[in-house]
Amino acid sequence: MERYDPKAIEAKWQGVWADARASHVPDPGPGADRSKKSYVVEMWPYPSGTLHMGHVLVYTIGDVISRFHRRNGLAVLHPIGFDSFGLPAENAAIREGGHPREITERNIVTISESMRRMGWGFDWDRLLSAHEPSYYRWDQWLFLKLFEAGLAYRKASPVKWCPVDQAVLANEQVHDGRCEYCGAEVVSKNLEQWFFRTTAYADELLDELEGLDWPDRVKAMQRNWIGRSEGAEILFSVDELETDVPVFTTRPDTLFGATFFVLAPEHPLVDQLIERSPNAAELRDYVGKAAVKRGEERAAAEEKTGVFTGFFATNPVNEARIPIWVADYVLMDYGTGAIMAVPAHDERDLAFAERFDLPVVTVIDDDGRLVNSAQFDGRPAEEAKGAIVDWLGERGRGKTAISFRLRDWGFSRQRYWGCPIPIVYCDDHGAVPVPYDELPVLLPDIEDYKPKGIAPLASAVDWVRAPCPTCGKEGRREVETMDTFVDSSWYFLRYCDPHNEDAVWDRELVDFWNPVDQYIGGVDHATMHLIYARFFMKALNDLGLIGFREPFQNLFTNGWVQLGGSKMSKSKGNVIGPEELVEEYGADSARLYMLFIGPAREDMDWTDDGIDGMQRFVRRLYRLVSEVAERAPAGEPPAGELTRKAHETIAKVTDDIGRRQSFNTAIAAIMELVNELSKAGPEDPAARFAAETAVSLIQPYAPHVAEELWQRLGHERLWEHAWPVADDAQLVRDTFELVVQVNGKVR
RNA sequence: GCCGAAGUGGCGGAACUGGCAGACGCGCCGGACUCAAAAUCCGGUUCCCUCCGGGGAGUGUGGGUUCGAUUCCCACCUUCGGCACCA
């Protein structure tokens, strides 16, 4: 008998599937049954040069699920595409020369070929790449829709600015407050930046998490990210300026304990205070320094810092005049950018009070009741919250309020390799959207992508010059590009109608396939991507472009595949990548091993220590089934151990893949069946049934060798053969063991 | 600090609903085949004791509930992940 030859077998069946278009799904016809569809999407990859083990994990999980669904009679849409805009290609181009487009497209060719060799059954007819004008044209189209709806807008936002280079700097380009390139002291500058109004959906993003079949930890991370806090907004007055300043607090019950007042350095009132302050110079210096610090630097500071303004605020509840400080531990973009400081009941305020010798007044005792709080003394704190807010409300000095830590999504990037924002600036008309019929605004070729001046696109002078769409007078194009998270917020919609040149999509197609039934990807996208995509669906639904509000009904988050963990150094140390793995062992063994190594949702340390064992198993299966094909008797399998084991395995594997998504244990179960078959031998009257069952069950994992063996067993087209069903009657055992315990011991 | 996940043999892990802990695999030990090796096959492999019949301990630690706990409850320890001056 010839040896198991994965290369030959895999090439053969990959050819057969390509010819048969086995992974292609046609558009649903009229009256197609939505209950018989399954939409399986893995997060699309960034086209780096080669596949890595993380890719092998994600796409093998998706392939197992989609093959399983297909054989369960569902119409499965399982597409692939590339998240091909973004920094790595741009940086590679800067480093090595060449155009980001060339590098990207070369990588796409290489990686697609590797994907085919892994046997992943994608519908290649629907291939998308974000950097192609046929895709990003619709990024622009969607941007215009959101812009019209007021969900995309510009606002001045502080950026780090190098006054010498006249350039916006990324956080990483600032070292010790100095420009990475010229060493000049970096200043903060308010620049107009583009934002999506994600905060408009803060409540829905939180509430609609409930209905999703997502891992709890991902939901928890999103809740945390959205950060809804209930509290109150309270007005303090600044008599010298005849103005009121609102603060947000979750602890209105501690209002009588406010002993000082703090403004964020960026607070608009600070400028007014500086002009009339005895500490003007010191304040100006402090505000300037705080502006160029990163948030983390502020948080990491060992001691709190701040400057007294010389002004006082009046506490509305007791008319106490408390000093107003400016301190960078108060953030402008949360709450109102101003706080009442209650050192007795807030750690941070306490640290500040100790540093600057400010008074501490306890207003809640050990029993949780108010003290030093006038008419509210003796009330439990929880109850006092409402009572104090009501009291303030009657006097127009306070009201209940909700604050979110979720911020609007800033999506302008001062980078080249991204989707141009279709806006023309006109001296008379401001930011004017490019008309729909002029899309796409093509990304021009330029000489130099280095982020040394302002955005690299500014150097494409001919491109920048454009007539104002409103008046025709010469204007200039937006030179910033979109964050690549824009591309990935809706790509799964475009897969449903990828070649449509007249519209972003056909609503019926998108509504048929979506929401995605199974989304698969790393937990590293738990917040950004998975929040942005959810925001997009809510906005697009409100715009009447789609008929649903959540993109991903079921989410599987795979663990990290760690290379060279603590274990690696001990063993051989020669870690091999996916390409070599396939070359040496074949795609089937690689796929099986990747999912067998441990639970796919948990992090794992990649070692190739066990891959030989997996190859051994596949060879054993191959030999055993080949023998069965030649020698096993035909006909109905008689009831007995082996027949029952086969039925048990069907039940177990079906449940493991379908309900539990426990991919490693399904493989173990098939191994048990093969072990039993091996013991019974190829001439056992149930051998043929057991072999057919094993081959059929392993097909989602190891589709090539399964197809080959299926053919040897005298059948064809396993990929569309119905998934086996366990016979309940065969699962009943004639005898069973009854465990008897006496005094807690088995007897 | 807050939120979340997890601690089981030499290793990766299994035990799904409270019912024989260690499935499946790696590694290791022994054997068969072979001139020899590879490949393959068979047997063993949690730890301790053993008169070889078996006996005892055991799922991070300490308690608890239960006839019975890896599983449920309380407290603690450790590791990993996320958020983090969010008022």
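Note that these values count all heavy atoms, side chains included, but never hydrogens, waters or copies made by symmetry. Protein chains get the first letters and strands the later ones, always in sequence-line order, with residue 1 at the start of each.
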Chemist: Syn or anti for B/rG44, with syn set at within 90° of 0?
Modeler: anti

Chemist: Pick base, sugar-phosphate or nothing for A/Ile597, based on heavy-atom distances below 4.0 Å to the nucleic acid.
Modeler: sugar-phosphate

Chemist: Sticking with atom C1', work out how far B/rU78 lies from B/rU61, rounded to a whole angstrom.
Modeler: 10 Å

Chemist: Salt bridge (charged side-chain N to carboxylate O under 4.0 Å, His left out): which pairs involve residues 651-661 of chain A, sequence neighbours left out?
Modeler: A/Lys652-A/Asp656, A/Asp655-A/Arg659, A/Asp656-A/Arg660

Chemist: To the nearest Å, give me how far apart CG (A/Leu331) and P (B/rC85) are.
Modeler: 6 Å

Chemist: Using ring-ring contact (aromatic ring centres under 6.0 Å, His included) as the criterion, list what pairs up with A/Trp723, not counting sequence neighbours.
Modeler: A/Phe68

Chemist: Can you tell me the distance, in whole Å, between the CE atom of A/Met332 and the C1' atom of B/rA87?
Modeler: 13 Å

Chemist: For A/Arg223 and B/rG4, what is the distance between atoms CZ and P respectively, to the nearest whole Å?
Modeler: 9 Å

Chemist: Considering every strand and a 4.0 Å limit on heavy-atom distances, what is the contact class for A/Lys679: base, sugar-phosphate, or nothing?
Modeler: nothing

Chemist: Has the side chain of A/Asp684 got a donor or acceptor atom that lies under 3.5 Å from a matching backbone atom of A/Leu677?
Modeler: no

Chemist: Distance check, P atoms only: B/rG19 and B/rG55, in whole angstrom units.
Modeler: 24 Å

Chemist: Any idea which heavy atoms bring A/Val326 and A/Pro265 closest together, and the distance?
Modeler: CG1-CA, 3.7 Å

Chemist: Please give, in whole Å, the distance from B/rA87 C1' to A/Phe236 CZ?
Modeler: 12 Å

Chemist: Test A/Ser589 against every option in A/Arg616, A/Gln615, A/Met594, A/Glu584 by the side-chain contact (heavy atoms from CB on, under 4.5 Å) rule and name the one that passes.
Modeler: A/Gln615

Chemist: Restricting to salt bridge (Lys or Arg N to Asp or Glu O under 4.0 Å), what partner residues turn up for A/Lys385, sequence neighbours left out?
Modeler: A/Glu382

Chemist: Does a side-chain N or O from A/Asn675 land closer than 4.0 Å to OP1 or OP2 of B/rG25, or not?
Modeler: yes

Chemist: In whole angstrom, what separates A/Asp655's CG from B/rA15's P?
Modeler: 11 Å

Chemist: Name the one of A/Phe312, A/Phe248, A/Phe261 that satisfies ring pair (Phe, Tyr, Trp, His ring centres under 6.0 Å) with A/Phe236?
Modeler: A/Phe261

Chemist: Between B/rC85, B/rU40, B/rA87, which nucleotide gets closest to the side-chain atoms of A/Thr249?
Modeler: B/rA87

Chemist: Syn or anti for B/rG30, please, going by whether the chi angle lies within 90° of 0.
Modeler: anti

Chemist: Return the 5'-most residue of the pair A/Arg619, A/Ala220 with respect to RNA chain B, ranking by each residue's nearest nucleotide.
Modeler: A/Ala220

Chemist: What are the two closest heavy atoms between A/Phe308 and A/Ile324, and how far apart are they?
Modeler: CD1-O, 3.3 Å

Chemist: Expressed as a whole number of angstroms, how long is the span from A/Leu621:CG to B/rG25:P?
Modeler: 13 Å

Chemist: Between B/rU45 and B/rG10, how far apart are the two P atoms, rounded to whole Å?
Modeler: 15 Å

Chemist: Where do N or O atoms of nucleotides 26-30 of chain B meet protein N or O atoms at under 3.5 Å, pair by pair?
Modeler:
unit_1	atom_1	unit_2	atom_2	d
B/rC26	OP1	A/Arg616	NH2	2.7
B/rG27	OP2	A/Arg616	NH2	3.3

Chemist: Considering only the C1' atoms, how many Å lie between B/rA15 and B/rU65, rounded to the nearest integer?
Modeler: 22 Å

Chemist: What is the distance from CZ of A/Phe617 to P of B/rC41, rounded to the nearest Å?
Modeler: 12 Å

Chemist: How far, in whole Å, is B/rC80 from B/rG43 if one measures between their C1' atoms?
Modeler: 40 Å

Chemist: Between residues 335-346 of chain A and RNA chain B, which residues have a heavy-atom gap below 4.0 Å?
Modeler: A/Ile339

Chemist: Compile the donor-acceptor pairs under 3.5 Å between side chains in residues 209-217 of chain A and protein atoms, sequence neighbours left out, one pair per line.
Modeler:
unit_1	atom_1	unit_2	atom_2	d
A/Asp213	OD2	A/Gln553	NE2	3.4
A/Trp214	NE1	A/Phe552	O	2.8
A/Arg217	NH2	A/Arg601	O	3.4

Chemist: Among all residues two or more places apart in sequence or in another chain, which pass the side chain to side chain contact (heavy atoms under 4.5 Å, CB included) test with A/Ala220?
Modeler: A/Arg223

Chemist: Please tell me which of A/Arg660 and A/Phe596 maps to the more 5' nucleotide of RNA chain B, matching each residue to the nucleotide holding its nearest heavy atom.
Modeler: A/Arg660

Chemist: Ring centres under 6.0 Å, that's the criterion: do A/Phe485 and A/Trp409 meet it?
Modeler: no

Chemist: Atom CE of A/Met604 and atom C1' of B/rA5: how far apart are they, to the nearest Å?
Modeler: 15 Å

Chemist: Between B/rC29 and B/rG53, how far apart are the C1' atoms? Round to whole Å, please.
Modeler: 25 Å

Chemist: P atom, B/rG9 versus B/rG58: distance in rounded Å?
Modeler: 14 Å

Chemist: Any base atoms under 4.0 Å from A/Pro215, or only sugar-phosphate, or nothing? Heavy atoms, all strands.
Modeler: nothing

Chemist: When the P atoms of B/rG27 and B/rG81 are compared, how many Å lie between them, rounded to an integer?
Modeler: 30 Å

Chemist: Applying salt bridge (charged side-chain N to carboxylate O under 4.0 Å, His left out) as the test, list every pair that has at least one member in residues 518-527 of chain A; sequence neighbours left out.
Modeler: none

Chemist: With rounding to the nearest 0.5 Å, note down the distance linking CD1 in A/Ile611 to CG in A/Leu581.
Modeler: 4.5 Å

Chemist: At 4.0 Å (heavy atoms only), tell me whether A/Arg407 reaches a base, stays on the sugar-phosphate, or touches nothing.
Modeler: base

Chemist: Of all the choices, B/rC85, B/rA87, B/rA23, which nucleotide is nearest to the side chain of A/Tyr334 once you look at every atom?
Modeler: B/rA87

Chemist: Going by the rule side chain to side chain contact (heavy atoms under 4.5 Å, CB included), which residues pair with A/Pro246 if we only count those two or more places apart in sequence or in a different chain?
Modeler: A/Glu233, A/Leu235, A/Thr336

Chemist: Just to verify, what does A/Ala353 make a side chain to side chain contact (heavy atoms under 4.5 Å, CB included) with, not counting sequence neighbours?
Modeler: A/Phe260, A/Pro343, A/Leu358, A/Val360

Chemist: For A/Ser662, report the nucleic acid contact type (base, sugar-phosphate, nothing); a contact means any heavy atom under 4.0 Å.
Modeler: nothing

Chemist: Quick test: give all pairs of protein nitrogen or oxygen and nucleotides 81-83 of chain B nitrogen or oxygen below 3.5 Å, distance rounded to 0.1 Å.
Modeler:
unit_1	atom_1	unit_2	atom_2	d
B/rC83	O2'	A/Asn224	OD1	3.2
B/rC83	O2'	A/Arg405	NH2	3.4

Chemist: Check whether the ring centres of A/Phe663 and A/Phe556 lie less than 6.0 Å apart, and answer yes or no.
Modeler: yes

Chemist: Phosphate oxygens OP1/OP2 of B/rC11: is one of them under 4.0 Å from a side-chain N or O of A/Thr607?
Modeler: no

Chemist: For RNA chain B, please output the secondary structure as dot-bracket, reading 5' to 3'. Pairs are Watson-Crick or G-U wobble, both atom distances under 3.5 Å; mark crossing pairs with [ ], other-strand partners with |, unpaired with a dot.
Modeler: (((((((..(((......[....)))((((((.......))))))((((....))))..(((((..]....))))))))))))....

Chemist: Under a 4.0 Å N-O cut-off, is there an ion pair linking A/Asp328 with A/Lys289?
Modeler: no

